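Fair warning: this is a prediction, and the values are worked out from it, not measured in the lab. First the proteins, then the strands, lettered A, B, ... as listed; each starts at 1.
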Amino acid sequence: MNALSLLSARIVCRLVSSSFIVRRTIWNRSFGSDDRFEFVMEPYKKGLERSESCEFESLRCDDLSVRRGFLEDSKTDAGKVLEVLKQDGPGFDTLVALDELQLKVSGVLVREVLRGILRSINVLNKTQCAKLGYKFFVWSGKVENFNHTAGSYHMIMKIFAECEEFKAMWRLVDEMTEKGYPVTARTFTLLICTCGDAGLARKVVERFIKSKTFNYRPFKHSYNAILHALLGIKQYKLIEWVYQQMLLDGHSSDMLTYNLLLYARCKLGKLDQFHRLLDEMARNGFSPDCHTYNILLYVLGKGDKPLAALNLLNHMREVGSDPSILHFTTLINGLSRAGNLDACKYFFDELSNNGCTPDVVCYTVMITSYTVAGEHEKARELFDEMVIKGQLPNVFTYNSMIRGFCMVGEFEEAYTMLEEMESRGCKPNFLVYSTLVSYLRNAGQLSEAHKVITHMVEKGQYAHLVTKFKGYRRC
DNA sequence: ATAGGGTTAG
């Protein structure tokens with residue numbers, strides 16, 4: 001019995017049995033809140049304490065403190081540069097002022113300055129940010145004993161992308177090529193992300209495929225590199241097109257190509273084509289590997305076929321490809337999308353019997369499963385449990401919890417969660433704010449929604465994304 | 001060494 005025949009077996013089964021459910025240890029809320037805070041802060045502190053706690057290794061300690069000093073100096077210098085750039089305008093010679101700072105220009109300094117500019121971009125200052133960024137980029141590139149890296153090219157390209165200076169991005173790619181910098185998947189991704197229409201995106205792909213300077217390592221050929229980059233930015237439809245180009249160009253698929261295509265087709269929901277490719281793969285003598293199994297588990301989960309998934313897991317063990325925590329997480333995620341919470345719970349309990357330990361991703365997926373199934377209290381319990389077990393919630397976890405509180409209308413608790421993540425050094429991303437704002441708006445709490453946006457902008461974050469809130473109106 | 005698991009709401 002192989003995986004392919006298992007998959008085509010249309011076994012529909014829901015595992016609804018409370019006997020599978022092991023009662024979890026529940027966070028004892030009588031712990032003082034300070035205990036809890038300390039507990040959670042611990043892992044974040046670890047990273048900070050490393051340089052202080054190595055007094056017995058004086059050599060390492062010196063290295064680290066020198067390095068830290070250099071980083072801090074670079075940040076201070078970057079601040080000075082940004083101050084100078086702010087004064088740019090008629091009657092102020094920015095380039096002379098930059099020279100007068102007499103700074104030691106380093107890669108770190110350039111990165112910090114460009115990062116600073118990137119952070120400050122908003123709707124109103126785009127043109128100015130692009131101009132200043134480029135002015136600094138050119139200036140620093142001329143400093144003696146300093147050369148830009150491909151990384152700094154990518155940063156200025158990112159600034160141009162945010163400022164919608166697309167032609168300037170292309171000029172930079174030409175410049176990179178002329179000067180012999182490696183044009184990589186990162187360069188490709190930056191360009192493709194700014195393509196509003198499919199036609200333009202195809203042109204970018206064509207240019208990279210034909211390019212003789214495209215550095216597509218570690219992949220065997222540029223097609224796989226491009227397919228992989230497209231998967232990373234969820235451009236599934238383009239993946240199909242690139243795949244067709246690849247075949248027209250006379251390349252044959254390898255294991256990576258098949259897996260990338262399978263992934264794209266399952267994300268597009270094209271299951272017929274998915275199965276066709278799976279058959280073709282088998283015909284060409286390729287056996288499913290751990291990546292393929294992962295995709296298959298997702299498909300079985302999303303198709304609400306827990307029994308078939310169970311069989312596939314057994315099959316994996318038989319062929320010596322033991323399922324890992326990744327496989328269980330993928331499966332639970334799929335089952336959650338199918339709305340089969342009982343099966344999610346079953347496999348979440350089952351993974352420990354398979355030598356796996358749930359990590360932050362797995363807990364987050366399970367918390368999300370409870371949340372979308374409307375079992376917010378269970379989600380809260382699991383959140384507490386993961387903290388006890390030493391798994392550090394991240395921005396995905398917090399977003400899921402915040403969404404849960406919003407769904408049950410507990411906005412005060414959602415704000416508390418937001419404050420908590422901020423105080424623990426977990427920086428909210430745009431999506432976290434977007435979640436809060438959407439739910440507040442839908443609940444008719446417009447002024448509260450506005451407060452969240454103001455809070456976000458005051459934090460100095462994502463000002464350029466304000467217009468991307470759903471139903472945004474200037475008010 | 002090199003590819004693999006998780007986000008809105010509509």
Side-chain angles (χ1 to χ4, degrees), chain A residues 184-185 215-221 223-232 234 239 253-264 266-267 288-299 301-302 309 316 321-337 344 347-348 351 356-372 379 382-383 386 391-407 414 417 421 426-443 449 452 462 465 468-472:
Chain A
T184 64
N215 187 346
Y216 48 77
R217 279 180 300 182
F219 304 99
K220 278 200 187 109
H221 49 73
Y223 283 103
N224 274 358
I226 286 173
L227 289 171
H228 181 250
L230 291 174
L231 195 68
K234 300 185 192 317
I239 287 180
S253 308
D254 60 11
M255 201 59 215
L256 175 56
T257 319
Y258 279 123
N259 282 336
L260 292 169
L261 257 293
L262 285 173
Y263 200 90
C266 101
K267 287 289 175 182
D289 65 4
C290 57
H291 303 274
T292 324
Y293 287 129
N294 206 27
I295 303 167
L296 292 175
L297 286 166
Y298 179 77
V299 170
K302 212 175 158 204
M316 288 172 68
S321 177
D322 282 3
S324 70
I325 185 65
L326 273 86
H327 295 102
F328 281 101
T329 306
T330 311
L331 174 58
I332 294 169
N333 182 36
L335 288 165
S336 164
R337 279 161 204 272
C344 293
F347 285 108
F348 186 71
L351 64 92
C356 298
T357 313
D359 60 5
V360 54
V361 180
C362 190
Y363 271 112
T364 303
V365 166
M366 201 56 211
I367 284 170
T368 310
S369 306
Y370 277 123
T371 303
V372 297
L382 208 55
F383 182 82
M386 73 178 281
Q391 293 296 332
L392 194 62
N394 64 21
V395 63
F396 288 82
T397 325
Y398 280 111
N399 192 27
S400 192
M401 287 302 293
I402 287 173
R403 193 173 136 214
F405 282 116
C406 287
M407 282 169 78
M417 208 89 227
M421 70 186 288
C426 177
K427 205 180 104 187
N429 59 17
F430 181 70
L431 208 57
V432 174
Y433 295 111
S434 177
T435 303
L436 257 172
V437 170
S438 317
Y439 278 96
L440 282 166
R441 291 184 61 96
N442 287 342
V452 172
Y462 318 116
L465 293 175
K468 298 208 172 141
F469 281 117
K470 291 283 177 282
Y472 170 82

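Contact between the side-chain N/O atoms of His228(A) and the OP1/OP2 oxygens of dT2(B) is not found at any separation under 4.0 Å. For the pair Asn442(A) and dG10(B), the criterion of a side-chain N or O lying under 4.0 Å from OP1 or OP2 is met.
Nucleic acid contact for Thr397(A): base, since at least one base atom lies under 4.0 Å from a heavy atom of the residue. Thr368(A) comes within contact range of no nucleotide atom at all, as no heavy-atom separation falls under 4.0 Å. Contacts of Asn259(A) with the nucleic acid, taken as non-hydrogen atoms under 4.0 Å apart, include base atoms. At the heavy-atom level, Thr364(A) lies under 4.0 Å from base atoms of the strands shown. At the heavy-atom level, Arg403(A) lies under 4.0 Å from the strands shown only through sugar-phosphate atoms. Within the 4.0 angstrom heavy-atom criterion, no nucleotide atom of any strand lies near Tyr363(A). Using a 4.0 Å heavy-atom criterion, one finds that Tyr263(A) contacts the sugar-phosphate atoms exclusively. Val365(A) comes within 4.0 angstrom of sugar-phosphate atoms only, judged by non-hydrogen atoms across all strands, and of no base. Among the heavy atoms of the strands lying under 4.0 Å from Asn399(A) is at least one base atom, whether or not backbone atoms are also near. Ile325(A) comes within contact range of at least one nucleobase, with a heavy-atom separation under 4.0 Å.
Side chain of Thr397(A) to main chain of Asn394(A): a donor-acceptor pair is present (N/O by atom type, distance under 3.5 Å, no hydrogens or angles). A distance-only check finds no donor-acceptor pair linking the side chain of Ser434(A) to the backbone of Phe430(A) [under 3.5 Å].
Here the C1' atom of nucleotide dT2(B) and the OH atom of Tyr216(A) are 15 Å apart, to the nearest Å. Distance NE2 (His327(A)) to P (dA3(B)): 16 Å, rounded to an integer number of Å. Residue Phe219(A) contributes atom CZ, which lies 17 Å from atom P of dA1(B) at whole-angstrom precision. Separating the CG atom of Leu331(A) from the P atom of dG6(B) is a distance of 13 Å, rounded to the nearest angstrom. As rounded to whole Å, 10 Å separates atom P of dG4(B) from atom CG of Asn294(A). The distance between atom CE of Met255(A) and atom P of dG4(B), rounded to the nearest whole Å, is 14 Å. Atom CE in Met366(A) sits roughly 20 Å away from atom P in dG5(B) (whole-Å rounding). Between the NZ atom of Lys302(A) and the P atom of dG5(B) there is a distance of 15 Å, rounded to whole Å.
Partners of Tyr263(A) under the side-chain contact (heavy atoms from CB on, under 4.5 Å) rule, at least two apart in sequence or in another chain, are Leu231(A), Tyr236(A), Lys267(A), Ile295(A). The ring pair (Phe, Tyr, Trp, His ring centres under 6.0 Å) check on Phe219(A) picks up His228(A), with sequence neighbours excluded.
Considering only heavy atoms from C-beta on, Tyr298(A) stays 4.5 Å or farther from Leu331(A) through its side chain.
Each of dG4(B), dG5(B), dT2(B) was ranked by its minimum atom distance to the side chain of Pro218(A); first place goes to dT2(B).
Residues Lys234(A) and Leu260(A) both approach DNA chain B. Their nearest nucleotides, taken by heavy-atom distance, put Leu260(A) toward the 5′ side.
Between the side chain of Asp254(A) and the base of dA3(B) there is no donor-acceptor pair of N/O atoms closer than 3.5 Å. Residue side chain Thr329(A) reaches the base of dG5(B) through a donor-acceptor N/O pair under 3.5 Å, judged by distance alone. At a cut-off of 3.5 angstrom, counting only N and O atoms as typed in the model, there is no donor on one side facing an acceptor on the other between the side-chain of Asp289(A) and the base of dG4(B).
In this structure, the ring of Phe383(A) has its center less than 6.0 angstrom from the ring center of Tyr398(A).
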